[in-house]
Amino acid sequence: MTASFIDGTAIAAHVRDSVGTAVEALKAKGIDPGLAVVLVGADPASASYVGMKARMCKRLGIVSRRVDLAGESTTADVLRTVHALNEDAGIDGILVQLPLPARVDKHTVLESVLPAKDVDGFHSANIGSLVLGREALVACTPSGIMEMLRASDVRLEGARAVVLGRSDDVGKPLALLLMHANATVTICHSRTKDLAAVTREADIVVAAIGRTAMVTSEFIKEGAVVIDVGSNQVSEREQVVRLFGEDSPRLEQFDQRGYIWVGDVHERDVLPVASMLSPVPGGVGPMTIAMLMRNTLTAARLRRRD
Ligand code: GUN
């Protein structure tokens, strides 16, 4: 068997188109959905992500507001900004870009976002609603993965799913979503014994552990669906050759830029065993921003009772 790739870029484009159409319909009723993104400090990667979010808003007709706070800001400074956005009638969604500087208390900040405007789905109230199966705003990466699985007609009912990674923003919410879709779910993590034996039982494996190409063919049952959430920067040519071979386009990319992005799955090793595989880049990544746009639309609809 050779796996086919799940085209996250195409599925994300479809989600964005449907959000764009729905935004137009809202605007025709005089409702302009708005997203505020708060960036603390000047980390170039975070600034680039925030720029991408603003451009996507513009494309879809969503009002976007960016609030830049100095890197020296305190927790109280960030809380003041969030409280002002909570009160702002023109803002439906608030996203505080992570990671925050060490002096800012991430938990306090995330809990200060009004749950109805929490388009990241990180507030404990939204996580509680997810646990209860009454979710409205769900974290963008896990809901993007569910959308990819649905768009690829992957059968979830009765399927065995293994989630590698127990993070608050991906592993835990994704396990709940898969369970609500009637999959039988196992969460694995760094202390799991005989990891490969557990994942080899799975019809669906989701790798979200942040370890470059750790998931090899020995982790995967013949015909399984594999979703790669990892995004690891590889800056050593030897490693690129080891992972992709001497005549891979990925090596050309590396030679042009000096680095490439590689997932948690060893693509070349897993492709002959799996039935479907989400690539890195072009898999889960594009879904996340599309789901943020959808969450902003959902927040606007719920808040303004459309
Ligand atoms: N930084 C990287 N990904 C994310 C995300 O999904 N939400 C927020 N708030 N920050 C991020």
Side-chain angles (χ1 to χ4, degrees), residues 6-38 49-67 85-97 113-123 125-127 129-130 132-154 156 169-170 173-174 176-178 180-181 278 282-306:
I6 299 177
D7 186 349
T9 306
I11 301 167
H14 192 74
V15 171
R16 283 196 310 262
D17 286 350
S18 75
V19 171
T21 307
V23 167
E24 261 176 49
L26 269 190
K27 290 178 115 166
K29 295 184 196 167
I31 299 171
D32 283 340
L35 172 67
V37 178
V38 180
Y49 291 139
V50 167
M52 276 164 53
K53 287 164 188 170
R55 283 193 295 280
M56 189 57 69
C57 281
K58 196 164 174 210
R59 247 174 81 185
L60 301 186
I62 294 172
V63 175
S64 105
R65 186 161 340 142
R66 172 171 168 166
V67 183
L85 294 168
N86 282 343
E87 296 296 314
D88 191 325
I91 293 297
D92 298 287
I94 301 169
L95 179 146
V96 180
Q97 185 69 24
V113 175
L114 204 62
K117 295 191 178 189
D118 170 37
V119 284
D120 256 333
F122 292 165
H123 193 286
N126 282 322
I127 293 169
S129 298
L130 171 60
L132 297 173
R134 304 179 65 84
E135 60 265 28
L137 295 173
V138 179
C140 301
T141 300
S143 57
I145 292 168
M146 295 302 288
E147 192 65 36
M148 287 172 98
L149 293 170
R150 266 192 293 272
S152 308
D153 291 325
V154 174
L156 300 176
D169 54 342
V170 182
L174 179 64
L176 288 160
L177 290 170
L178 287 165
H180 292 155
S278 76
V284 174
M287 293 304 297
T288 299
I289 190 160
M291 299 315 280
L292 174 66
M293 299 297 117
R294 187 193 272 179
N295 272 355
T296 304
L297 171 70
T298 302
R301 280 177 166 160
L302 290 173
R303 233 172 50 77
R304 309 201 200 205
R305 305 198 189 288
D306 172 64

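Only heavy atoms go into these numbers, but all of them, side chains included; no hydrogens, no water, no symmetry mates. Everything quoted here is computed from the prediction, not taken from an experiment.
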CA sep, side-chain torsions, deciding dist, call: Met291, Val15, side-chain contact (heavy atoms from CB on, under 4.5 Å)
CA-CA 8 Å; Met291 299 315 280; Val15 171; 4.1 Å; yes

Return the NZ to NE2 distance between Lys117 and His123, rounded to the nearest 0.5 Å.
13.5 Å

Provide the closest heavy-atom pair for Pro286 versus Ala12 in the form atom of the first, atom of the second, distance.
O-CB, 3.4 Å

After noting the C-alpha distance and the side-chain angles of Met56 and Arg59, does the key distance pass the side-chain contact (heavy atoms from CB on, under 4.5 Å) rule?
CA-CA 5 Å; Met56 189 57 69; Arg59 247 174 81 185; 4.0 Å; yes

State the OG1-CG distance between Thr21 and Leu26, to the nearest 0.5 angstrom.
11.5 Å

Do Ser64 and Val37 have side-chain heavy atoms sitting under 4.5 Å apart?
no

Side-chain contact, heavy-atom cut-off 4.5 Å: Glu135 with His180?
yes

Identify the two heavy atoms, one from Gln97 and one from Leu95, that lie closest to each other, and give their separation to 0.1 Å.
OE1-CD2, 3.5 Å

Ile31 and Arg301: CA distance, side-chain angles, deciding distance, side-chain contact (heavy atoms from CB on, under 4.5 Å) verdict:
CA-CA 9 Å; Ile31 299 171; Arg301 280 177 166 160; over 6 Å; no

Is there side-chain contact between Asp88 and Arg65, with at least one heavy-atom pair below 4.5 Å?
yes

Check whether Ser152 reaches the backbone of Leu149 with its side chain - one donor and one acceptor, N or O, closer than 3.5 Å.
no

Any side-chain heavy-atom pair of Val38 and Leu85 under 4.5 Å
yes

Closest heavy-atom contact between Ala136 and Leu302?
CB-CD1, 3.8 Å

Quick one: pull up NZ in Lys29 and CD in Glu24 and give me the separation to the nearest 0.5 Å.
13.0 Å

Could you check whether atom NZ of Lys27 has more than 12 heavy atoms from other residues, nucleotides or ligands sitting under 6.0 Å from it?
yes

d(Ile62 CD1, Lys53 NZ) to nearest 0.5 Å is 13.0 Å

Is any side-chain heavy atom of Leu292 less than 4.5 Å from a side-chain heavy atom of Thr288?
no

Using a 3.5 Å distance criterion without hydrogens, assess whether the side chain of Asn126 forms a donor-acceptor pair with backbone atoms of Pro115.
yes

Looking only at atom types and distance, does a side-chain atom of Arg294 sit under 3.5 Å from a main-chain N or O of Cys140, one as donor and one as acceptor?
no

Judged by atom type as modelled, is there a donor-acceptor pair below 3.5 Å linking the side chain of Arg304 to the main-chain atoms of Asp32?
yes

For Met148 and Ser278, which heavy atoms make the closest approach, and how far apart are they?
CE-CB, 3.7 Å

What are the two closest heavy atoms between Val96 and Asp120, and how far apart are they?
O-OD2, 4.1 Å

Are any of the side-chain heavy atoms of Leu60 and Leu297 separated by less than 4.5 Å?
no

Looking only at non-hydrogen atoms, find the nearest pair between Asp169 and Phe122 and report the distance.
CB-CE2, 3.5 Å

Find out whether Leu114 and Ile94 are in side-chain contact, i.e. whether some heavy atom of one side chain is under 4.5 Å from a heavy atom of the other.
no

Do the side chain of Asp92 and the main chain of Gly34 share a donor and acceptor less than 3.5 angstrom apart?
yes

Between Arg150 and Glu147, is there a salt bridge with N-O shorter than 4.0 Å?
yes

Leu174 side chain near Met146 side chain, heavy-atom distance below 4.5 Å
yes

